[in-house]
Amino acid sequence: MTDIRTIEGDYTATTARFAIVASKFNGFIVDSLLRGALDVLRRHGVDDKSIEVVQVPGAFELPLVAKRLAATRRYDAVIALGAVIRGGTAHFDYVAGGCARGLAEVALSCDLPVAFGVLTVDTIEQAIERAGTKAGNKGSDAALTALEMVSLLRKLGG
Ligand code: INI
């Protein structure tokens, strides 16, 4: 055995409060991500009263609203959900890059977990695969990550 102390989060943060910010663009995909995220939170004992969902126009708008929500200090974590699909969109890189950079910036500047449940894929088929079909559900994954990060930060303290 080793003497190294290891600290990791678990999924027991049932009293935590969560803000979910979800984009309406590609809504039929994002709705599945949202269902997945809510399912995970509920199955882990989080009460519906501890969850708020805010809808934004597109993935590019996720960071600003995530920042507003984080700044209220009402939540223990923010879960961002969206779907950026390259398809024929010339500005995919700007939307996906701005979204990812912005959300990372919110987490650091607000000192709050921001789970990245945003699909960045080439095709609608790939998005469907990652939204509750054969490649899992990125919304569920993000909710699990949020639960784990809340628990981890509680353990780390400070
Ligand atoms: N927004 C998305 O969430 N997904 C996309 O695939 C997408 N594409 O392809 O353009 C998209 N564009 C809109 C963007 O997020 C902003 O809402 C828009 O540019 C206004 O700021």
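First listed ligand is number 1; within each ligand, the first listed atom is number 1.
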Is there a side-chain contact (heavy atoms from CB on, under 4.5 Å) between Val106 and Val78 once you walk through the steps?
CA-CA 10 Å; Val106 173; Val78 175; over 6 Å; no

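- Looking only at protein heavy atoms, the nearest one to atom 6 (O) of ligand 1 is Ile85 N, 3.0 Å.
- With a 4.0 Å heavy-atom cut-off, ligand 1 is reached by the side chain of Val95 but not by its N, CA, C or O.
- Of the protein's heavy atoms, His91 NE2, 4.3 Å lies nearest to atom 19 (O) of ligand 1.
- Close approach of ligand 1 to Val84 is summarised as follows: ligand atoms under 4.0 Å from at least one heavy atom of the residue are 4 (N), 5 (C), 6 (O).
- From the protein, the heavy atom lying nearest to atom 9 (O) of ligand 1 is Thr89 OG1, 3.1 Å.
- Distance from atom 7 (C) of ligand 1 to its nearest protein heavy atom, with residue and atom name: Phe25 CE2, 3.3 Å.
- The closest approach between any non-hydrogen atom of Arg86 and ligand 1 is not below 4.0 Å.
- Using a 3.5 Å distance cut-off with no hydrogens or angles, the side chains of Ser32 and Arg35 do pair a donor with an acceptor.
- Against a heavy-atom cut-off of under 4.0 Å, Gly58 is close to the following atoms of ligand 1: 3 (O), 15 (O), 17 (O).
- Under a 4.0 Å criterion applied to the non-hydrogen atoms of Asn26, ligand 1 contributes the atoms 4 (N), 5 (C), 6 (O).
- Note on Ile85: it does not cluster hydrophobically with Tyr94, by side-chain heavy-atom contacts below 4.5 Å among ILVMFWY residues.
- Taking 4.5 Å as the limit, every side-chain heavy atom of Leu119 sits out of range of all side-chain heavy atoms of Asn26.
- The heavy atom nearest to atom 14 (C) of ligand 1, out of those in Phe92, Phe60, Tyr94, is found in Phe60.
- Tyr75 and Phe18 end up in different hydrophobic clusters when Ile, Leu, Val, Met, Phe, Trp and Tyr side chains are linked at under 4.5 Å.
- One hydrophobic cluster, built from ILVMFWY side chains closer than 4.5 Å, holds both Val21 and Leu112.
- Val65 and Val95 fall within the same hydrophobic cluster, defined by Ile, Leu, Val, Met, Phe, Trp and Tyr side-chain heavy atoms under 4.5 Å apart, directly or through other members.
- With hydrogens left out, the protein atom closest to atom 3 (O) of ligand 1 is Ala59 N, 2.8 Å, a heavy atom.
- A salt bridge is absent between Arg130 and Asp141: the closest approach of a Lys/Arg side-chain nitrogen to an acidic carboxylate oxygen does not fall below 4.0 angstrom.
- Of all the heavy atoms of Ala83, the ones lying under 4.0 Å from any atom of ligand 1 belong exclusively to the backbone.
- Interatomic distance, CG of Leu38 versus CZ of Arg42, reported as 5.0 Å (0.5 Å rounding).
- Atom 17 (O) of ligand 1 has as its closest protein heavy atom Glu61 OE1, 2.6 Å.
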